[in-house]
Amino acid sequence: MERDGTIVLLNAAAEKMFGYRREDLLGQLIEVLVSGAVRERHHEHRDHYAEHPITRPMGIGLELFAQRKDGSQFPVEISLSPIRSSQGSRVIAIVRDITTRKQAEAKINAIHQQFAAELAATNQQLEIRNREVERANRLKSEFLASMSHELRTPLHTVIGFADLLAEELKGALNADQRRFVGHIQRDSRHLLELINDVLDISKIESGRLELYPELFNAAGAIAEAVAGLRPLADNKQIRIDEKLDSPLTITADRLRFKEILYNLVSNAIKFTPEKGQITVECHEQPETVVVAVTDTGVGIHTSEQQAIFDKFYQLGSTTRGVREGTGLGLAITKNLVEMHGGRIELKSAPGEGSRFQFFLPRNGLESPIRHAKNKKATRSIVLVGAGQAHDRIVDFLTRKGYEVIDAQTTSQAEPSPETGRPAAIVLDLTAPGSVNWQTFQRLRAHSDMAQVPSLIMTAARNRGIAMSLGANAAIVKPIDPAVLLEILKKEALHTPGEPSRILVVDDTQDTRELLDVTLRSAGFLPVLASSGEQALETLARSPISAIIVDLIMPAMSGLELILHIRQNSRLAKVPIVVLRTEEIDQENEQILSGPTKVLFLEASPWKEEFLSKIQELLEAAIDRDAERA
């Protein structure tokens, strides 16, 4: 076309594209091919280009449309190029019909929009599912919390009745009956362990499992954990060798550290054939403690080595000698190691045994702040001995804020300028070793220890000996319903000539029946109530020496009942024994720490009497100190 827009040349493609014959377009202005919407102002664009003629696309950033002879429009791309000829300056316009491309782009855009809509719908569904998962997790936590009470409560009842039968209070048992009762006791306690595993993994997943670090000898804790499993190994004639660097101190949760060892060694026993060998090693690296458990067992295939740390995963092949568990042991172990800032490794091959090895930082955990704050104010307790419950006692007392002086000999138990005179002495005489009656007599003979309250853990037949030698209290191990009886004998308000009336408040009939039999066998008169409301009615009309209450009950909970009782000045001094099978949160613990004496009867039987006696001795010591002052 000319500078003024007159068409002077076109090819056959242009004729076909626009529907004109050549002679129809020659001499026509270019605007005849421009769509009607922009035709009127097109000459302005043409004049502007004539002032700056360069090779460039037309209408940059715009959608361009051309118009055919029949008036139909179609999308185009146009490239402009100025040329000079003998006839003067002209412009070549190359026009491309992009209808097919636009249709493809429209399809792609439609597909994209459809995909975006589907993605948005999928994201919405995922969000809904995430909310459902969160709700499911919440319901699971609520279920596990409920299971803690609904499963463990009847289990404790089963264990309690089995223990009563074993004591033959209602008559002698024959050999078969004693064997049957033994099966009930053993299997119900095993079932309780499995339930506790499920609750442990739930606490780990929800972040509610707390660690209580302390400085201790790692090699000594390992040796104690292994000692508790040797009977299982002996049943299969498996030899356990220990290669432990000692002394080797570490800051960690002692109880959980031993739980890790227990899980690894018990698994090694389970998967090692008879007459096999297990080696437990412990050595130190810079800033790290390395512990390894190696066995000559069936081994683990490479394809299963990662999965064995998953929850509920169990290997297909086992050996005879150890009952199966929940498949949670290694999952709990891995989580406990990682909670300590460590890692665990596995090396194994089928038929060649396995080696589990974990690494813990020596100072990976700091002591709880609340313990540090209470250290100076807390009176110390000297714990002498190394029985099977030793570490559980240390851990439990430490959690309760006491400073425990762990002593293995008389000289270690004697007061020093650093520790001062302790508030109480506890001797465990239930395990063989250097701690014996002479140990207790030597401590009593020490001038600074003669007046310190003492408590002895011993066998039932030695209770009288302990008291005759000057012990303030003697605890029989293992502890069962006698725990409750001993607390009540000390705390109940007796009426001369009449049996003490003990109010039992529990919504579970089996538990009420168990406590009824237990209390009557000790000379108490139980008064049973199935709810908090019924208990308040009983308290209003009858004198009561002590109250036993379950915390978890429908309608009025045990906590609400205790608050009602405390509001009554007449009942303020009545001792209350709280039945519980799970930890109490800080808020409820504050509610229970009021002026009324509240004792805790927890799931693990040794803790209740032990803590109550310790508290009793500490209070007695504080009272004596106050009288001296």
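Under the side-chain contact (heavy atoms from CB on, under 4.5 Å) criterion, Glu560 pairs with Met556, Ser557, not counting sequence neighbours. Judged as a salt bridge (Lys or Arg N to Asp or Glu O under 4.0 Å), and not counting sequence neighbours, Arg96 has no contacts. Taking the ring-ring contact (aromatic ring centres under 6.0 Å, His included) definition, one finds that Phe216 meets it with Phe257, sequence neighbours left out. The salt bridge (Lys or Arg N to Asp or Glu O under 4.0 Å) check on Glu23 picks up Arg21, with sequence neighbours excluded. Under the ring-ring contact (aromatic ring centres under 6.0 Å, His included) criterion, His48 pairs with His52, not counting sequence neighbours. Residues satisfying the salt bridge (Lys or Arg N to Asp or Glu O under 4.0 Å) test with Glu338, not counting sequence neighbours, are Lys334. When the salt bridge (Lys or Arg N to Asp or Glu O under 4.0 Å) test is applied to Glu63, the partners found at least two apart in sequence or on another chain are Lys102. Shown here are the side-chain hydrogen bond (donor to acceptor under 3.5 Å, both in side chains) partners of His564, two or more places apart in sequence or in another chain: there are none. His45 pairs by the side-chain contact (heavy atoms from CB on, under 4.5 Å) definition with nothing, not counting sequence neighbours.
Within 6.0 Å of atom CZ in Arg84, 12 or fewer heavy atoms from other residues, nucleotides or ligands are found, so the atom counts as exposed in its surroundings.
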Indicate every side-chain donor-acceptor pair of residues 110-117 with a distance under 3.5 Å to a residue at least two apart or in another chain.
{"from": "Gln114", "atom 1": "NE2", "to": "Glu118", "atom 2": "OE2", "distance (Å)": "3.2"}

Please list, one pair per line, the donor and acceptor atoms closer than 3.5 Å that link side chains of residues 284-292 to other protein atoms, with sequence neighbours excluded.
{"from": "Glu284", "atom 1": "OE1", "to": "Arg362", "atom 2": "NH1", "distance (Å)": "2.4"}
{"from": "Thr288", "atom 1": "OG1", "to": "Pro286", "atom 2": "O", "distance (Å)": "3.4"}

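Between Arg343 and Glu345 a salt bridge is recorded (basic side-chain N to carboxylate O distance below 4.0 Å).
Test Arg39, His43, Arg46 against Glu31 for side-chain hydrogen bond (donor to acceptor under 3.5 Å, both in side chains) and you get one pass: Arg46.
Within the structure, ring-ring contact (aromatic ring centres under 6.0 Å, His included) contacts touching residues 62-108 (residues at least two apart or in different chains) are Phe18-Phe74.
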